[in-house]
Amino acid sequence: MSTRHDMVHAMCAAVDAGDAESFGSWFADDATYRFGNSETLIGRDAIVAATAGAAGTLPWVRHVIEQIVEMDDQLFCRFTIQTEAPDGTALALPCVTVIQMAGDRVTDYRVHMDLTPALK
């Protein structure tokens, strides 16, 4: 497994544990982050704050990594996000993330996912 694959696993584990600081530690100071149709966040501090805030949105989350494809300085990651709806119904939500790297730092992170079922 490549170092970047290890990074994806570590980032997922940090989110699953609710550890926004560890998740954010992989980002460049001026990185950008966009979740679905939300506004693009700029900067590690904004990304850490948003990740910490999002942790309270769902009762729990578990990333099941299905595929990581590395092409030059980009990673294409396919996941199933396990969580539950407010009524306790188990959910398995598809997610694709595109990560742009510069060396060992994430410079752009884009999450393509519909979180709506977890919020109803």
Side-chain angles (χ1 to χ4, degrees):
M1 188 181 324
S2 80
T3 302
R4 289 180 173 172
H5 287 225
D6 292 339
M7 176 199 74
V8 171
H9 283 268
M11 291 176 86
C12 290
V15 171
D16 293 353
D19 187 350
E21 289 292 332
S22 289
F23 177 74
S25 71
W26 296 98
F27 288 83
D29 290 338
D30 60 348
T32 54
Y33 177 101
R34 184 165 183 178
F35 190 105
N37 292 325
S38 299
E39 292 292 320
T40 299
L41 302 174
I42 301 171
R44 181 186 304 133
D45 291 343
I47 294 165
V48 168
T51 302
T57 304
L58 302 174
W60 57 273
V61 64
R62 182 175 308 114
H63 288 71
V64 177
I65 300 170
E66 295 163 351
Q67 184 179 32
I68 302 170
V69 176
E70 188 171 348
M71 295 177 64
D72 300 320
D73 284 333
Q74 284 193 319
L75 297 167
F76 299 87
C77 309
R78 186 167 47 92
F79 309 101
T80 294
I81 308 300
Q82 297 176 336
T83 189
E84 62 186 41
D87 68 1
T89 303
L91 296 172
L93 305 173
C95 176
V96 172
T97 301
V98 180
I99 304 169
Q100 180 68 45
M101 302 291 299
D104 64 349
R105 291 284 170 221
V106 174
T107 57
D108 185 64
Y109 194 97
R110 299 190 186 215
V111 179
H112 304 275
M113 177 181 177
D114 179 10
L115 196 56
T116 306
L119 305 175
K120 291 182 180 180

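Along the sequence shown, residues carry numbers from 1. Because the structure is a prediction, the values reported are computed rather than measured.
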Quick check: is Val106 connected to Val48 through a chain of hydrophobic side chains (ILVMFWY, heavy atoms under 4.5 Å apart)?
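Per the 4.5 Å side-chain linkage, Val48 and Val106 are not co-clustered.
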Could you tell me the separation between the [atom1] atom of [X] and the [atom2] atom of [Y], rounded to the nearest 0.5 Å?
X	Y	atom1	atom2	result
Gln82	Asp16	CD	CG	9.0 Å
Thr3	Asp104	OG1	CG	9.5 Å
Leu58	Leu115	CG	CG	5.5 Å
Arg34	Ile42	CZ	CD1	11.5 Å
Ile65	His9	CD1	NE2	4.0 Å

Identify which one of Phe35, Phe23, Trp26 satisfies the ring-ring contact (aromatic ring centres under 6.0 Å, His included) criterion when paired with Tyr109.
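In the set Phe35, Phe23, Trp26, the residue that makes a ring-ring contact (aromatic ring centres under 6.0 Å, His included) with Tyr109 is Phe23.
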Exercise: identify the closest heavy-atom pair between [X] and [Y]:
X	Y	result
Val69	Gln67	CG2-NE2, 3.7 Å
Gln100	Asp73	NE2-O, 3.3 Å
Ala52	Ala20	N-CB, 3.6 Å
Ile68	Cys77	CG2-SG, 4.2 Å
Ala85	Leu91	N-CD1, 3.6 Å
Val61	Val15	CG1-O, 4.0 Å

One pair to check against side-chain contact (heavy atoms from CB on, under 4.5 Å): Ile81 and Met113. What are the steps and the verdict?
CA-CA 9 Å; Ile81 308 300; Met113 177 181 177; 3.7 Å; yes
Under a 4.0 Å N-O cut-off, is there an ion pair linking Arg44 with Asp29?
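Yes.
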Does Arg110 pair with Asp108 as a salt bridge, N-O distance under 4.0 Å?
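A salt bridge is present here (some side-chain N lies under 4.0 Å from a carboxylate O).
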Could you tell me whether [X] atom [atom1] has more than 12 heavy atoms of other residues or ligands within 6.0 Å of it?
X	atom1	result
Glu21	CD	no
Glu39	CD	no
Asp87	CG	yes
Arg105	CZ	yes

Less than 4.5 Å apart, side chain to side chain, heavy atoms only: is that true for [X] and [Y]?
X	Y	answer
His112	Val98	yes
Thr80	Leu93	no
Met101	Arg4	yes
Pro59	Thr83	yes
Val8	Ile99	yes

Could you tell me whether a side-chain N or O of Asp114 sits under 3.5 Å from a main-chain N or O of Thr116, the two making a donor and an acceptor?
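Side chain of Asp114 to backbone of Thr116: a pair is present.
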Plane angle bin for Phe79 and His63 - parallel if under 30°, tilted between 30 and 60°, otherwise perpendicular:
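Rings of His63 and Phe79: perpendicular, as their planes differ by over 60°.
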Worked verdict on Thr89 versus Glu84 for side chain to side chain donor-acceptor pair (under 3.5 Å):
CA-CA 5 Å; Thr89 303; Glu84 62 186 41; over 6 Å; no
Verdict with supporting geometry, Thr97 and Phe76, side-chain contact (heavy atoms from CB on, under 4.5 Å)
CA-CA 6 Å; Thr97 301; Phe76 299 87; over 6 Å; no
